[in-house]
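Right, one structure below, let's go through it.
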Amino acid sequence: MIHRARLGFAVGAFFLALPLGAFAQIVVPPATEVPIPAKPSTDSTKAKADTIKAKADTIKAPFGRSFAPRTADIGPQYNWNREELFASGAYTVADLLERVPGATSFRSGWLASPKFVAMNGDLNRIKVFYDGIELDNLDPRTGSALDLTTVELWTLENVSIERFANDLRVHLRSWRVDKTDPYTRTDVYTGDEETNIYRGYYGKRFGSGAGLQLAGQQFSTRSARLGGGGDALSFMARVGIARKMWSVDAFAERRNASRVTQPTFGEGLSLQPFEGTHTLAYIRAGIGNPAGGPWLQAIAANMRLAESSPKESAAEAASRRILPDTADTTTKRIQYLLSAGFARGALRTSVTDRVRAFDGDVNHTPSARFELANNLGLIGLFGERSNASRRKRGDAVVRFTPLSFLALAGAMSVDIPDEQGSVQPGDSTSAISRQPPRTTSARVEAGVRLGGTWLLGGFITRDTAVLAPPMVFDTAYAYRFVGRRQGLYAGLRGRVFGDLNMDVLATRWDSAGFYQPRYQARSEVNLATRWLSRFPSGNFGLKAAVIHDYRSDVSFSTAAGVRRTNSSGIFSALLEIRILRGVASYQVHNMSGDLYQIVPDFYMPRSLGVYGIRWEFWN
């Protein structure tokens with residue numbers, strides 16, 4: 001681990017040095033780019049034409065992008081562009097999902113710990129799509145749930161969360177460049193728990209439409225008191241060519257990560273050490289633009305996990321209260337994606353066939369989507385059938401805005417297995433190989449706009465479910481079949497006054513449930529301003545936020561009974577200052593230093609601060 005940390009420092013220093021050598025000849029442009037005037041000429045018409053031509057040549061057609069559905073939320077959408085992502089204070093996808101009603105995150109520690117999100121108490125209701133490729137869980141330690149720590153948030157240019165009645169579909173688009181001017185960027189962070197993060201980016205498009213992108217990140221952290229520290233070295237690369245109506249590109253992302261043992265402070269087992277390499281690579285070809293007109297896209301992707309964790313004999317594992325690990329795990333899945341669609345004005349349609357090949361089997365997941373949207377609202381229909389899980393589902397979302405200050409929204413989902421199960425509520429381990437019967441879930445929501453702020457209220461009903469446990473934290477956690485549950489939520493989201501904003505959401509369920517607090521709330525008040533009266537060029541920006549996260553006690557199902565965590569309320573803060581294209585950032589988590597648990601028997605860090613700088617420029 002020490003060797004990898006030293007390597008990480010070298011890699012970070014290398015990326016940091018990329019832009020520094022060019023400072024003497026770089027002029028950082030203002031936020032709004034202005035074409036460079038042509039040389040003086042007696043022919044003013046010719047000079048103007050040359051200027052326009054030079055400007056047009058600097059922007060090239062973008063590489064292909066995955067289809068991202070419109071969202072039907074009232075008020076601010078759960079959508080972040082690249083700048084908003086890094087200004088959000090989120091380090092993982094789990095940090096973003098915590099802002100959605102009904103979503104609850106679970107983690108045992110800081111950056112290196114596994115992270116999961118349950119939607120309405122169900123860990124299997126989160127699906128993540130990276131450039132259209134569905135990210136399958138390849139690690140048998142985590143059961144059926146995807147560890148969101150393995151999803152590289154720093155590689156993205158956009159995140160969009162699609163809310164169905166009982167599911168969240170997270171659509172991720174990887175970072176792309178479209179300018180012939182070389183792009184470079186360096187991020188450097190440090191902080192408590194010996195946290196160090198280094199990132200470097202380079203991207204350039206050529207006159208032919210070809211492009212090259214390279215990026216890397218190294219992070220390391222160590223907790224002397226609570227354990228569970230680790231490090232990860234990640235790289236991404238893209239090469240390809242894009243013209244006005246077509247594009248072809250190849251993309252690869254590789255993450256080599258390790259985590260040391262995190263001891264338990266209760267009756268459960270300690271979190272096992274881990275070392276392994278995750279790889280995602282694909283080749284994509286596309287015709288047309290999913291945002292307008294007919295389009296067609298084909299992707300061939302390979303996902304691979306190669307584990308090389310330290311081996312533990314049964315006697316050693318017993319003495320350390322961890323599970324023995326005596327064999328390496330290498331898992332690979334091939335995924336092919338063929339999609340086509342049409343978009344024109346208010347209408348968007350698409351059809352997709354997702355083909356998975358693994359363990360000698362080939363499984364198809366065909367789906368279709370229809371959307372109709374205008375100023376009055378949106379109607380979205382989605383249908384899918386999975387040969388692997390032998391289930392088919394249908395989803396409908398709608399938003400109606402009859403007046404500028406009034407909106408109604410709703411969603412309904414129907415999930416039907418090919419064969420009905422006979423499992424009953426209260427069953428635990430016996431439900432592992434069984435499926436719940438046909439389920440119907442729904443959500444209704446209403447909103448009233450008060451100035452720039454939306455006052456929201458909603459109702460959720462979730463049908464019967466087989467709840468998968470976060471078994472990576474302890475194999476004693478068991479599957480549990482539960483009956484229907486209902487909940488209410490309320491929120492206040494949007495601009496309050498001037499540059500002062502608020503994002504408050506609170507949820508209350510009819511009773512306490514497994515992997516779900518009965519009461520949960522996230523409150524954020526932030527000031528986000530560019531102070532244009534003082535800096536009309538737009539070269540200054542400020543964001544200051546205070547966040548409070550509250551959850552009541554949470555129950556975890558075991559074969560022998562129930563384990564619980566106590567309620568917690570944690571304050572955090574964020575400060576970001578932008579000058580030209582440099583951003584200084586400071587975050588502090590758990591400001592009051594409370595001792596609390598999110599997963600039973602694992603204590604979260606006390607007050608933890610991280611600070612650093614992001615600096616990007618075109619040269």
Closest approach of Ala465 and Asp122, non-hydrogen atoms and distance? CB-OD2, 4.1 Å

On the six-membered ring of Tyr519, is Arg508 placed so that its NZ or CZ lies under 6.0 angstrom from the centre and within 45° of the ring axis? no

Report yes or no: do Gln520 and Tyr489 form a side-chain donor-acceptor pair below 3.5 Å? no

State which residue, out of Thr365, Asn363, Asp418, fulfils the side-chain contact (heavy atoms from CB on, under 4.5 Å) condition with Ser386. Thr365

Please determine, by modelled atom types, if Ser144 and Asn124 share a side-chain donor-acceptor pair under 3.5 angstrom. yes

Arg493 to Tyr78, cation-pi by 6.0 Å centre distance and 45° axis angle: yes

Without swapping roles, check the side chain of Thr401 against the backbone of Leu403 for a donor-acceptor pair under 3.5 Å. no

Assess whether side-chain hydrogen bond (donor to acceptor under 3.5 Å, both in side chains) is satisfied between Thr440 and Asp463, documenting all intermediate values. CA-CA 6 Å; Thr440 302; Asp463 212 332; 4.6 Å; no

As a test of understanding, state which of Leu296, Ile299, Thr352 forms a side-chain contact (heavy atoms from CB on, under 4.5 Å) with Leu338. Leu296

In this structure, OG1 of Thr155 is separated from CH2 of Trp175 (nearest 0.5 Å) by 10.0 Å

Between Lys332 and Met303, is a side-chain contact (heavy atoms from CB on, under 4.5 Å) present by the stated rule, with each step listed? CA-CA 6 Å; Lys332 182 175 71 172; Met303 290 175 284; over 6 Å; no

Please determine whether side-chain contact (heavy atoms from CB on, under 4.5 Å) holds for the pair Val170 and Val93, giving the CA-CA distance in whole Å, both sets of side-chain angles, and the decisive distance to 0.1 Å. CA-CA 9 Å; Val170 187; Val93 174; 4.1 Å; yes

Could you check whether any side-chain heavy atom of Leu168 comes within less than 4.5 Å of a side-chain heavy atom of Lys127, counting everything from C-beta outward? no

State, yes or no, whether a side-chain contact exists between Val397 and Phe382 at a heavy-atom distance under 4.5 Å. no

Answer yes or no: is there a donor N or O on one side and an acceptor on the other, between the side chain of Thr453 and the main chain of Arg495, under 3.5 Å? yes

Before you tell me yes or no, could you show the steps for Arg141 and Glu307 under salt bridge (Lys or Arg N to Asp or Glu O under 4.0 Å), namely the whole-Å CA-CA distance, both residues' side-chain angles and the distance that decides it to 0.1 Å? CA-CA 11 Å; Arg141 297 182 182 214; Glu307 182 189 351; 2.6 Å; yes

So, Asn166 versus Ser413: side-chain donor-acceptor pair below 3.5 Å or not? no

Quick check: does any side chain N or O of Asp474 sit under 3.5 Å from a backbone N or O of Tyr477, one acting as donor and the other as acceptor? no

Residue pair Thr92 / Leu153, side-chain heavy-atom distance below 4.5 Å: no

Distance only, no hydrogens: is a donor on one side chain within 3.5 Å (strictly under) of an acceptor on the other, for Ser105 and Glu98? yes

Please determine whether side-chain contact (heavy atoms from CB on, under 4.5 Å) holds for the pair Gln297 and Arg284, giving the CA-CA distance in whole Å, both sets of side-chain angles, and the decisive distance to 0.1 Å. CA-CA 7 Å; Gln297 191 173 101; Arg284 172 175 58 186; 3.8 Å; yes

Would you mind reporting whether Leu97 and Ile126 have side-chain heavy atoms less than 4.5 Å apart? yes

Under a 3.5 Å distance rule, please check whether Arg385 uses its side chain to pair with a backbone N or O of Arg391 as donor and acceptor. no

Got Pro69 and His171 here, is their nearest side-chain heavy-atom distance under 4.5 Å? yes

Are Tyr130 and Phe251 near enough that their ring centres are under 6.0 Å apart? yes

Short question: side chain of Gln262, backbone of Ser108 - any donor-acceptor pair under 3.5 Å? yes

Are a donor atom and an acceptor atom from the side chains of Glu83 and Asn81 found within less than 3.5 Å of each other? no

Work out which heavy atom in Gly143 is nearest to a heavy atom in Asn137; give both atom names and the distance. O-ND2, 2.7 Å

Evaluate the criterion side-chain contact (heavy atoms from CB on, under 4.5 Å) for residue pair Phe473 and Phe556; output intermediate values, then yes/no. CA-CA 11 Å; Phe473 298 121; Phe556 289 68; 5.7 Å; no

Once the angle between the rings of Tyr515 and Phe106 is folded into 0 to 90°, is it parallel (under 30°), tilted (30 to 60°) or perpendicular (over 60°)? perpendicular

Can you tell if the side chain of His548 reaches within under 4.5 Å of the side chain of Ile570, non-hydrogen atoms only? no

So with a 6.0 Å cut-off around OH of Tyr550, is the heavy-atom count from everything else above 12? yes

Between Thr71 and Asp73, is there a donor-acceptor pair closer than 3.5 Å when you use the side chain of the first and the backbone of the second? no

Please find the pair of heavy atoms, one from Leu305 and one from Leu138, that lie closest to each other, and give the distance. CD2-O, 3.6 Å

Taking Glu524 for its side chain and Arg522 for its backbone only, find out whether a donor-acceptor pair lies under 3.5 Å. no

Distance alone, cut at 3.5 Å: any donor-acceptor contact between the side chains of Tyr282 and Asn302? no

Between the side chains of Arg484 and Thr464, does any donor sit under 3.5 Å from an acceptor? no

Evaluate the salt bridge (Lys or Arg N to Asp or Glu O under 4.0 Å) criterion for residues Asp167 and Arg393: first the C-alpha distance (whole Å), next the side-chain angles of each, then the deciding distance (0.1 Å), finally the verdict. CA-CA 11 Å; Asp167 300 77; Arg393 58 172 300 158; 3.2 Å; yes

For a quick check under 3.5 Å, do Asp131 and Ser66 share a side-chain donor-acceptor pair by atom type? no

Using atom types as modelled and distance alone, determine if a side-chain donor or acceptor of Arg480 lies under 3.5 Å from a backbone N or O of Ala559. no

Do Gln486 and Trp509 come close enough that some side-chain heavy atom pair is under 4.5 Å? no

Ignoring hydrogens and geometry, is there a side-chain-to-backbone donor-acceptor pair from Glu157 to Arg173 under 3.5 Å? no

Please lay out, stage by stage, how Arg563 and Asp601 fare under the test salt bridge (Lys or Arg N to Asp or Glu O under 4.0 Å). CA-CA 9 Å; Arg563 295 181 192 167; Asp601 306 329; 3.8 Å; yes

Salt bridge (Lys or Arg N to Asp or Glu O under 4.0 Å) between Arg356 and Glu134, intermediate numbers included: CA-CA 10 Å; Arg356 291 180 172 87; Glu134 184 171 355; 2.7 Å; yes

Between Arg348 and Arg70, is any pair of side-chain heavy atoms under 4.5 Å apart? yes

Shortest non-hydrogen contact from Val504 toward Ser523: CG1-OG, 3.6 Å

Kindly say whether the aromatic ring centers of Tyr91 and Trp110 come within a distance under 6.0 Å. yes

For Ser567 and Ser552, which heavy atoms make the closest approach, and how far apart are they? CB-CA, 3.6 Å

Any donor and acceptor pair, going by atom type alone, linking the side chain of Arg354 with main-chain N or O of His364 inside 3.5 Å? no

In terms of side-chain heavy atoms, does Asn79 have a donor or acceptor partner in Asn158 at a distance below 3.5 Å? yes

Write down the atom of Ala468, the atom of Leu123, and the distance for their closest heavy-atom approach. O-CD1, 3.2 Å

